[in-house]
**Student:** 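Mind looking over this structure? Questions follow.
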Amino acid sequence: HTVGKASTALNGGLRMGIIQFSGPIPEAVKTPIGIGSSGSLTGDLAELQGDINWHEANYIQGSTFIATGLNWAGAMFQFSPSTRQKVLIIVTDGAIKDTASLAPAKAVLAAEGVKIFGVVLKNKANLNNAANAEATLK
């Protein structure tokens, strides 16, 4: 599979990619080559299920670093036709630790016409972290 391959969804519909970002150091994780979509955009439900299964089995937990994940998302969208709508949804529950590193990746995504939406999961234990994440994602 290659990044930007033609959609196998009915009528060339929705394509998705999954990138996990977290850990004790700034890192991001995509599905490895040979599993699911191999870390690319896909509209194939079997590939997406393979991605989800892999990420559930290889979940990393720790601090929230998103710059690498944003760079990888930019690479995924780079090969998507300019006529397609591009949307990035970031889901986080913690304070984003690499805010000073986000500008270059956000500029690439903006140049590619990517709309970014942030979803911050809150609970009583992480209200301060959630407030930081909300401010960063705005």
Side-chain angles (χ1 to χ4, degrees):
H1 297 282
T2 59
V3 173
K5 73 176 192 169
S7 173
T8 55
L10 185 62
N11 298 323
L14 177 74
R15 294 183 308 150
M16 296 177 57
I18 300 172
I19 301 170
Q20 188 179 163
F21 54 89
S22 187
I25 58 171
E27 67 176 320
V29 179
K30 296 185 292 185
T31 311
I33 293 174
I35 297 175
S37 71
S38 299
S40 65
L41 293 173
T42 184
D44 184 288
L45 293 177
E47 289 181 353
L48 286 171
Q49 189 60 57
D51 289 349
I52 291 167
N53 292 344
W54 187 88
H55 281 282
E56 285 180 340
N58 295 279
Y59 175 71
I60 53 176
Q61 188 172 2
S63 297
T64 304
F65 297 95
I66 67 171
T68 301
L70 292 180
N71 287 327
W72 286 358
M76 281 183 172
F77 286 122
Q78 176 181 338
F79 297 101
S80 190
S82 61
T83 56
R84 293 192 80 111
Q85 187 171 6
K86 301 169 186 170
V87 177
L88 174 63
I89 301 171
I90 300 170
V91 180
T92 184
D93 66 347
I96 297 170
K97 304 292 187 182
D98 56 352
T99 57
S101 304
L102 301 181
K106 288 171 86 174
V108 167
L109 291 166
E112 292 176 13
V114 177
K115 296 176 185 169
I116 302 174
F117 296 90
V119 177
V120 180
L121 306 175
K122 296 181 185 180
N123 63 40
K124 289 182 181 180
N126 78 343
L127 287 179
N128 289 336
N129 290 337
N132 166 281
E134 284 179 7
T136 301
L137 293 174
K138 285 186 180 183

**Student:** When clusters are formed from ILVMFWY side-chain contacts under 4.5 Å, directly or step by step, what else is grouped with Tyr59?
**Tutor:**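 Under the 4.5 Å side-chain rule, Tyr59 groups with nothing.
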**Student:** What residues, two or more places apart in sequence or in another chain, satisfy side-chain contact (heavy atoms from CB on, under 4.5 Å) together with Val114?
**Tutor:** Phe77, Lys86, Leu88, Leu109, Glu112, Ile116
**Student:** Only counting residues at least two apart or in another chain, list the ones meeting side-chain contact (heavy atoms from CB on, under 4.5 Å) with Ile18.
**Tutor:** Asp51, Ile52, His55
**Student:** Look at the side-chain heavy atoms of Ile, Leu, Val, Met, Phe, Trp and Tyr, link any pair under 4.5 Å apart, and say whether Met76 and Leu102 land in one connected group.
**Tutor:**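 Yes.
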**Student:** Is there a side-chain contact (heavy atoms from CB on, under 4.5 Å) between Asn58 and Ile60? Walk through the geometry before answering.
**Tutor:** CA-CA 6 Å; Asn58 295 279; Ile60 53 176; over 6 Å; no
**Student:** When rounded to the nearest 0.5 angstrom, what distance separates CG in Asn71 from CZ in Phe21?
**Tutor:** 13.0 Å
**Student:** Looking at residues at least two apart in the chain, or sitting in another chain, which of them share a side-chain contact (heavy atoms from CB on, under 4.5 Å) with Pro32?
**Tutor:**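 Scan of Pro32 (side-chain contact (heavy atoms from CB on, under 4.5 Å), adjacent residues dropped) gives Ile35, Trp54.
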**Student:** Distance from Ile66 atom CD1 to Ile90 atom CD1, nearest 0.5 Å?
**Tutor:**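 Spacing of CD1 (Ile66) from CD1 (Ile90) equals 4.5 Å.
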**Student:** Between Asp98 (side chain only) and Ser101 (backbone N and O only), is there a donor and an acceptor less than 3.5 Å apart?
**Tutor:** no
**Student:** Considering residues at least two apart in sequence or located in another chain, which fulfil the side-chain contact (heavy atoms from CB on, under 4.5 Å) criterion with Asn53?
**Tutor:** Gln49, Glu56
**Student:** Shortest non-hydrogen contact from Gly43 to Arg15?
**Tutor:**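 Taking Gly43 first and Arg15 second, the nearest heavy atoms are N-CG, 3.8 Å.
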